[in-house]
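Worksheet for the structure shown next.
Because only heavy atoms are used, hydrogens play no part in the values below, and waters and symmetry mates are left out as well, while side chains stay in. Numbered from 1 within each chain, the chains take letters A, B, ... in sequence-line order.
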There are 2 protein chains.
Amino acid sequence: MSGEERETAILATAERLLEERAPQEISVDDLARGAGISRPSFYFYFPSKEAVFLTLIDRLVAQADAGRGDVLERLSEDPAARWREGLQVFYDTFGAHRALALAGAQFRTVNAEARELWANVMESWVNDAATAIEAERVRGAAPAGLPARDLAIALVSMNERVLYATFAGDPPALAEETVMDVLLSVWLRSIYASTEPPRF
Amino acid sequence: MSGEERETAILATAERLLEERAPQEISVDDLARGAGISRPSFYFYFPSKEAVFLTLIDRLVAQADAGRGDVLERLSEDPAARWREGLQVFYDTFGAHRALALAGAQFRTVNAEARELWANVMESWVNDAATAIEAERVRGAAPAGLPARDLAIALVSMNERVLYATFAGDPPALAEETVMDVLLSVWLRSIYASTEPPRF
DNA sequence: GGCATTGTCAACATAGTGTTGAGTAACTGC
DNA sequence: GCAGTTACTCAACACTATGTTGACAATGCC
């Protein structure tokens with residue numbers, strides 16, 4: 001087995017083990033054994049187990065980022081449908097690698113690099129959403145309201161937290177089948193609703 | 001120093017240390033030293049350092065729960081103002097113990113008991129909000145729409161995530177001064193807005 | 001004074017991380 | 001076909017943390 005194969009084996013072992021247990025319950029020894037090498041050899045490939053998780057998360061995040069197409073630039077075709085497609089990318093990418101996505105969310109709370117990595121994705125999403133909201137206002141489809149960026153931050157944050165709960169299944173969570181409908185509805189109302197609450 | 005004072009000293013040390021560093025960077029030895037006892041003596045008072053953090057979080061959560069008054073039952077007086085008061089409790093309670101709140105959010109990802117504790121608070125908030133939304137619909141102030149509970153879950157989740165980012169200061173975060181305005185606006189639009197997006 | 005109860009800690013056992021240094025295998029240029 | 005370099009491996013070590021044991025005080029109280 002070549003060096004590169006060993007490295008791949010370590011990453012594969014990590015992803016597999018993350019499906020069974022949390023990152024802090026996986027030891028360097030587990031990863032080394034899983035890849036068929038000794039613990040010191042592990043350190044030839046990665047400086048720490050954190051680095052392994054970070055590599056996996058980095059990949060997933062890059063994938064999510066690549067999935068972010070240009071649907072938000074074609075909102076005028078059919079706003080509700082396009083927004084739905086936009087939100088769906090998030091759901092699909094992370095839903096396809098749940099264990100890793102959940103591990104990432106957890107890892108992010110204890111690791112500065114992971115936190116930064118995630119902050120970057122969030123920032124891209126927020127930017128896209130804010131730009132789209134502004135465009136909708138310019139073309140007269142959406143009324144003025146909160147600063148677009150502030151609104152985008154709140155909505156993207158909502159999606160993150162709600163999807164996390166749904167994937168992890170920790171209550172109170174929305175059901176898989178309805179989660180996207182609920183999120184989309186809050187997005188649409190927050191962006192397009194022209195009414196403030198009635199005073200009666 | 002009596003036994004009870006020692007126990008209090010351990011808790012106080014934990015809360016103080018949490019202001020400087022993350023829970024996983026605090027050792028049993030740190031807590032014991034801070035309380036002026038040896039490490040083995042620590043175990044006389046608490047079975048693990050997790051138990052210490054759990055006790056602190058439990059208290060904070062109880063405090064937040066107690067703060068949840070009946071404002072949501074008096075929405076008809078002035079919906080926007082009452083909802084604002086309701087959301088403000090969340091902000092005030094956790095804002096007053098930021099370090100602990102952030103540690104709690106982190107701890108929750110690795111500890112089942114903490115997770116359950118938090119799930120209970122979330123559930124209370126969701127219930128209150130859902131009940132209030134239904135009442136607003138019944139009295140004709142809010143239009144029909146998403147199941148009230150689903151909407152409540154999404155909104156409470158949004159608040160949690162957004163406030164976490166604001167308190168932790170990890171980007172993209174909303175500013176302290178505007179965060180409550182932004183959240184409130186999304187709540188009001190999601191609950192009271194009667195318009196679906198225009199099709200032009 | 002006897003005797004629980006409460007509290008204390010030195011010493012131990014165990015499990016994990018990361019390092020060192022000595023060794024092997026394989027390819028590279030001559 | 002062999003000297004030199006690079007890629008890779010691992011036993012043994014040093015360190016840090018957790019949690020346990022068992023012997024030993026104090027304190028109260030009957």
- Item | Salt-bridge contact B:Glu136-B:Arg139 (side-chain N to carboxylate O under 4.0 Å) | yes
- Measure from CZ on B:Arg6 to C1' on C:dT5 and round the result to the nearest Å. 17 Å
- Task: Report the distance from atom CG of A:Asp29 to atom C1' of D:dC10, rounded to the nearest whole Å.
- Result: 12 Å
- Item | Whole angstrom value for the distance that separates P of D:dT18 from CD of B:Glu50 | 9 Å
- For A:Lys49 and C:dA15, what is the distance between atoms NZ and P respectively, to the nearest whole Å? 15 Å
- Item | Ring geometry between A:Phe167 and A:Tyr91 (parallel below 30°, tilted from 30 to 60°, perpendicular above 60°) | tilted
Between N or O atoms, less than 3.5 Å apart, protein on one side and nucleotides 20-28 of chain C on the other: list the pairs.
none

- Query: Are the side chain of A:Arg189 and the backbone of B:Ser190 linked by a donor-acceptor contact shorter than 3.5 Å?
  - Reply: yes
- Nucleotide nearest A:Tyr43 (side chain, heavy atoms from C-beta), chosen from D:dT18, C:dG18, C:dT6: C:dG18
- A:Ile10 atom CD1 is separated from D:dC8 atom P, nearest whole Å, by 11 Å
- Out of C:dG18, D:dT18, C:dC9, minimum distance to the side chain of B:Ser38 belongs to C:dC9
- Query: Could you state the CZ-P distance from A:Arg33 to C:dT17, rounded to the nearest angstrom?
  - Reply: 12 Å
- Task: Flag the pair B:Arg137 and B:Glu134 as a salt bridge only when some basic side-chain nitrogen lies within less than 4.0 angstrom of an acidic carboxylate oxygen.
- Result: no
- B:Ile26 has an atom CD1; how far is it from atom P of D:dT18, in whole Å? 11 Å
- Query: Given side chains that start at C-beta, do those of A:His97 and A:Gln63 come closer than 4.5 Å, heavy atoms only?
  - Reply: yes
- Message: For A:Lys49, is there an ion pair with A:Asp30 - N to carboxylate O distance below 4.0 angstrom?
- Response: no
- Message: So A:Ser27, base contact, sugar-phosphate only, or nothing? Heavy-atom distance under 4.0 Å.
- Response: sugar-phosphate
- Residue set satisfying ring pair (Phe, Tyr, Trp, His ring centres under 6.0 Å) with B:Phe90, at least two apart, ordered chain then number -> B:Phe94, B:Trp125
- Item | Watson-Crick or G-U pairs under 3.5 Å in DNA chain C, rendered as dot-bracket with [ ] for crossing pairs and | for another strand | ||||||||||||||||||||||||||||||
- Do A:Glu176 and A:Arg98 meet the salt-bridge criterion of a basic N to acidic O distance under 4.0 Å? yes
- Task: Give a yes/no on whether any side-chain N or O of A:Tyr45 is located under 4.0 angstrom from OP1 or OP2 of D:dT9.
- Result: yes
- Note on the structure: Between CZ of A:Phe42 and C1' of D:dT9 the distance, given in whole Å, is 15 Å
- Message: Please pick, from C:dT8, C:dG18, D:dT18, the nucleotide with the shortest atom-to-atom distance to any side-chain atom of B:Phe44.
- Response: C:dT8
- Message: Under a 4.0 Å threshold between the charged nitrogen and the carboxylate oxygen, would A:Arg74 count as salt-bridged to A:Glu77?
- Response: yes
